[in-house]
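Reckoned from all heavy atoms, side chains included, excluding hydrogens, waters and symmetry mates. Here is how names work: the chains are called A, B, and so on, in the same order as the sequence lines, proteins then strands, and each is numbered from 1. Worth saying up front: this structure is predicted, and the values here are computed from it rather than measured.
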There are 2 protein chains.
Amino acid sequence: MSQRRTKPSSSASDPGSGEAAIDASFLESLLGYNARRAALVIIERFLDRMSVYGLRPVDFSTLSLVAHNPGITSRQLCAALGILPPNLVRIVADLDKRGLVQRKPHPTDGRAIGLHLSVEGRKMMREAEATVRALEDSASSRLTAEERLTLMSLLQKIYKP
Amino acid sequence: MSQRRTKPSSSASDPGSGEAAIDASFLESLLGYNARRAALVIIERFLDRMSVYGLRPVDFSTLSLVAHNPGITSRQLCAALGILPPNLVRIVADLDKRGLVQRKPHPTDGRAIGLHLSVEGRKMMREAEATVRALEDSASSRLTAEERLTLMSLLQKIYKP
DNA sequence: TATTGTTATACTCTATAACTATA
DNA sequence: TATAGTTATAGAGTATAACAATA
């Protein structure tokens, strides 16, 4: 899934169109299918609008957690985001190379490294978080504010412990 | 994301736990984040319970669409599932090798190939669809029937044209 | 002995270009 | 010329094993 673009019209001249359209009613009765499709639509929009910052979803999530949890460790980031430690190494290293995060020795645990946003990182994230809010509003423009809150509450009932 | 297993407890002895836990409230206010997390939890459960059939989510979705749309073409499957044509080739080829689907020449378009479920395919999908229903019910056990319908309706307002 | 961060690596998923056969 | 199916391949994402340093 997650194609770049979907053809605006697949017309009625498709082969096999004795039936007007494809019946996907079974799949559309599944939460997993619906949640994945919705997530991919929003992620696609994210990719479009966040490319100016050079931030993929995982970069943004990482920076956002560091912003709101200064001194957070890689291990904690992995647990919070569901990323495996070996896969976080390059993500953090790249953000460090770009001067967005800084690694400081952990105050009490010599094995761990605390992560902090740099001044640049803070500045970028103020803009980036506002952009994400705007993009989410636009992606959910067919929902009322109340429906949006209901939707998030119901989703969290599924994935939160 | 989508780790195999999450540690049951990350205890309070994590380094940097002056604050009790990580603040993910910003991310948790985003639809994209919530939809993705929920989808991954359900997909993880899918992987567990559907492994007996040897069906990944994409195999199941493909077979389900073929089941309910006999004669559907690869192109139509790609459009319905958001898969790119080169990536569907092996999926269909493998299902064919396993004797679950059959390819028949399209009645009116010589370029296209109509897909149909074999007798075995139909038998497996009757079981598999029931298993998916059960797995979805268990994954959404903290939702009422009404909440479940509301959730799907709201998700479709995001991704459906 | 267990955990943090890391390297190396394999596997899966997704994407692009280009070809053929038919429309 | 455009479309259906296909091949080959590149790139991103995700997984496991194993290591050094510290607890």
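With B:Thr144 contributing its side chain and B:Glu147 its backbone, the two residues share a donor-acceptor pair below 3.5 Å.
In this pair, A:Phe46 and A:Phe60 present their aromatic rings perpendicular. The plane angle is above 60°, beyond the 30 to 60° band.
To the nearest angstrom, P of C:dG5 lies 10 Å from CD1 of A:Ile72. Atom CD in B:Glu44 sits roughly 13 Å away from atom P in D:dT14 (whole-Å rounding). Rounded to an integer number of Å, the gap from CD1 of A:Ile83 to P of C:dG5 is 13 Å. Protein atom CZ of B:Arg56 is 15 Å distant from nucleotide atom C1' of D:dT14, rounded to whole Å. For B:Asp59 and C:dT12, the CG to P distance is 12 Å, given to the nearest whole Å. Regarding B:Leu84, its CG atom lies at a distance of 11 Å from the C1' atom of C:dC13, rounded to whole Å. The nearest whole Å value for the distance from the CD atom in B:Gln76 to the P atom in D:dT3 is 15 Å. Rounded to an integer number of Å, the gap from B:Leu88 CG to D:dG5 P is 9 Å.
When all heavy atoms of A:Leu55 and A:Ala128 are compared, the closest pair comes out as CD1-CB, 4.3 Å.
For A:Arg45, the side-chain hydrogen bond (donor to acceptor under 3.5 Å, both in side chains) partners two or more places apart in sequence, or in a different chain, are A:Ser138. Partners of A:Arg133 by side-chain hydrogen bond (donor to acceptor under 3.5 Å, both in side chains), not counting sequence neighbours, listed by chain and number: B:Ser29.
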Sequence-aligned protein contact record of nucleotides 17-23 of chain C, with B where the base is within under 4.0 Å of a protein heavy atom and S where only the sugar-phosphate is: B----BS

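Residue pairs that meet the side-chain hydrogen bond (donor to acceptor under 3.5 Å, both in side chains) test with at least one member in residues 81-95 of chain B, sequence neighbours left out, do not exist here. Each ring-ring contact (aromatic ring centres under 6.0 Å, His included) pair with one or both residues in residues 83-102 of chain B, not counting sequence neighbours, would appear here, but there are none.
Within residues 89-103 of chain B, the residues that have a heavy atom under 4.0 Å from DNA chain D are, in order of number, B:Val89, B:Arg103.
Among the heavy atoms of the strands lying under 4.0 Å from A:Ile113 are primed sugar atoms or P, OP1, OP2 only; no base atom is included.
Each of A:Ser74 and B:Val58 was assigned the nucleotide of DNA chain C with the nearest heavy atom; the assignment lying further toward the 5' end belongs to A:Ser74.
Counted by atom type alone, A:Asn34 and B:Tyr159 present one or more donor-acceptor pairs between their side chains at under 3.5 Å.
Salt bridge B:Lys160/A:Glu28: present, at least one basic N to carboxylate O contact under 4.0 Å.
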